[in-house]
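Just so you know, ligand 1 is whichever comes first in the structure, and atom 1 is the first atom listed for that ligand. For reference, positions follow the sequence shown, starting with 1.
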Amino acid sequence: MELKKTVRDVNLSGQKILVRVDFNVPFSPGTLEIANTKRISASIPTLQYLLDNDAAIVICSHLGRPKGREVAGLSLRPIWDKLNQMLGLESAFCPSLDFSEISAASQKVNPGEVLLLENLRFHPGEETNDLKFAQNLANLADIYVNDAFGAAHRHHASVQGVTNYIPSVAGLLLEKEILSLQSVLTMPKRPFTAVLGGAKVSDKINVVRNLMTVADNILIGGGMAATFLAAESVFVGDSQVEETFIDSANQLMKESRALDCEIVLPNDAVVSKCFGPDSSNRICDVSDIKDGEMLLDIGPSTSLLFKDVLSATASALWNGPMGVYEWPQYSKGTRAVAESLSRENITSVIGGGSTVDAVSSLGLEARMEHVSTGGGASLEFLEGRDLPGITSLIDI
Ligand code: ADP
Ligand code: MG
């Protein structure tokens, strides 16, 4: 991916800037209480930079999936309060996406001031990338800044369409995401190990395929390990094997040898006959999984094996938990990997919604080189795909 211009490369003083951020934060169930404010705080450096450079700011974001209609529980109002606290100012809020209203509201924003627009997905034109809607957004400002890495894989009006009409550059968060993920894909410190897990091999197979061309090792855990084990003719009982991916898994194992990348599968597992938080379970060698049992975490011997590989690794990328980490008895493998990746002399980049959640609930976020704010976007990036929210920005 080519290098893109950022907020540092344009004259901001006195200009009106439309900033697309990713305020798609989780709420505590049934409340308007923000459960995790990381995506808001991650946007502050760019917003502060724009304010320091005397720009007038119009912020826009989506939240959840209202599907082109106004949904009361998905208003950005609760986020507006948090934003004001974090920026230490009183910003304005425009509750409508009607063009005449946002246009009037944005004309009132002076340099050093901020306006937040209501949830973009209340408008049907956002997700369909309606060019009229995109043009209306562009008409609000002189320059467009994309700082929403979490939405960069979307062909939406505020991500891609708007860039057809005004000069468009990256924000500081987007820049950091690109540089961090790009550096592991193109010039990782070696040895470089990728750790991949999560529920489904179908979600991650293209990530394995792409990383295989750069990584020295790929450690595979999580539910997806079952399909890889099955591809090696290991009996995995009732584990969630994706039959249609066994051949691709097999093919990848072969190709990886030719590419000098070692794919390492679990040698033991925590297995149970029941998928539940309090199910009885046992630890066994993967060759000893019985009928009716399913693999719910990597076992202690695999944790040690992965730890050994990681202790000899200079840089690492992790996507996907090693087991059903939400349940304490199946969280040990995930914890072991998180701890290995948080040691002093390893450069660790973490991507994926659940993986980031696991790392932050262990309190290890600050010990990682980079923790991505984008789930789906980071996966597509790691697959080597072009993201419309990045390719549409001005090249350096
Ligand atoms: P990420 O969001 O980090 O990309 P995924 O969405 O791919 O990760 O996978 C996360 C989910 O995978 C978690 O909910 C976790 O419980 C589940 N998971 C991990 N290992 C297993 C397993 N062995 N069996 C079933 N589900 C698993
Ligand atoms: Mg996920």
Can you tell which of P321, G352, G323 gets a heavy atom nearest to atom 18 (N) of ligand 1? G323
Just need the protein heavy atom nearest to atom 12 (O) of ligand 1, so name the residue and atom and give the distance. A199 N, 3.0 Å
Judged by atom type as modelled, is there a donor-acceptor pair below 3.5 Å linking the side chain of N136 to the main-chain atoms of F99? no
I'd like to know whether ligand 1 has K204 as a neighbour, heavy-atom separation below 4.0 Å. yes
May I ask you to check whether K200 has an N/O atom sitting below 3.5 Å from an N/O atom of ligand 1? no
Sub-4.5 Å side-chain heavy-atom contact between S378 and L181: yes
Got a donor-acceptor contact below 3.5 angstrom from the K5 side chain to the I394 backbone? no
I want to know if ligand 1 touches D297 in the polar sense, i.e. an N/O pair below 3.5 angstrom. no
T128: which residues meet the side-chain hydrogen bond (donor to acceptor under 3.5 Å, both in side chains) condition with it, sequence neighbours left out? none
Test of proximity, Q240 against ligand 1: N or O pairs below 3.5 Å: no
Atom 14 (O) of ligand 1 - nearest protein heavy atom and its distance: E326 OE2, 2.6 Å
Donor-acceptor under 3.5 Å (K204 side chain, G197 main chain): yes
Ignoring angles and geometry beyond distance, decide whether G353 reaches within less than 3.5 Å of ligand 1 through its nitrogen or oxygen atoms. yes
Salt bridge check, R282 against D288: does any charged N sit closer than 4.0 Å to a carboxylate O? yes
Looking at G351, A225, S354, G198, the heavy atom closest to atom 6 (O) of ligand 1 belongs to S354
In the protein, what heavy atom is nearest to atom 27 (C) of ligand 1, and what distance, to one decimal place, separates them? V324 CG2, 3.7 Å
Got the closest protein heavy atom to atom 3 (O) of ligand 1, with its distance? T355 OG1, 2.4 Å
What do we get for L379 next to ligand 1 when only non-hydrogen atoms under 4.0 Å count, side chain, backbone, both or neither? neither
Ligand 1 to N319, heavy atom cutoff 4.0 Å, flagged ligand atoms 4 (O)
Other hydrophobic cluster members with I298, side-chain heavy atoms of Ile/Leu/Val/Met/Phe/Trp/Tyr under 4.5 Å, chained? V195, L219, V264, L305, F306, V309, L310, W318, M322, V337, L341, I346, I350, V356, V359, L362, L364, M368, V371
Just jot down the ligand 1 atoms closer than 4.0 angstrom to any heavy atom of G320, in number order. 3 (O), 8 (O)
Using a cut-off of 6.0 Å, state whether more than 12 heavy atoms not belonging to E113 lie near its atom CD. yes
Report yes if G223 has an N/O atom closer than 3.5 Å to an N/O atom of ligand 1; otherwise report no. yes
Between V271 and M224, is there a shared hydrophobic cluster once you connect ILVMFWY residues whose side-chain heavy atoms come closer than 4.5 Å? yes
Do you reckon L89 sits in the same ILVMFWY cluster as I79, going by side-chain contacts under 4.5 Å, direct or chained? yes
Side chain or backbone, does L295 bring an N or O within less than 3.5 Å of an N or O on ligand 1? yes
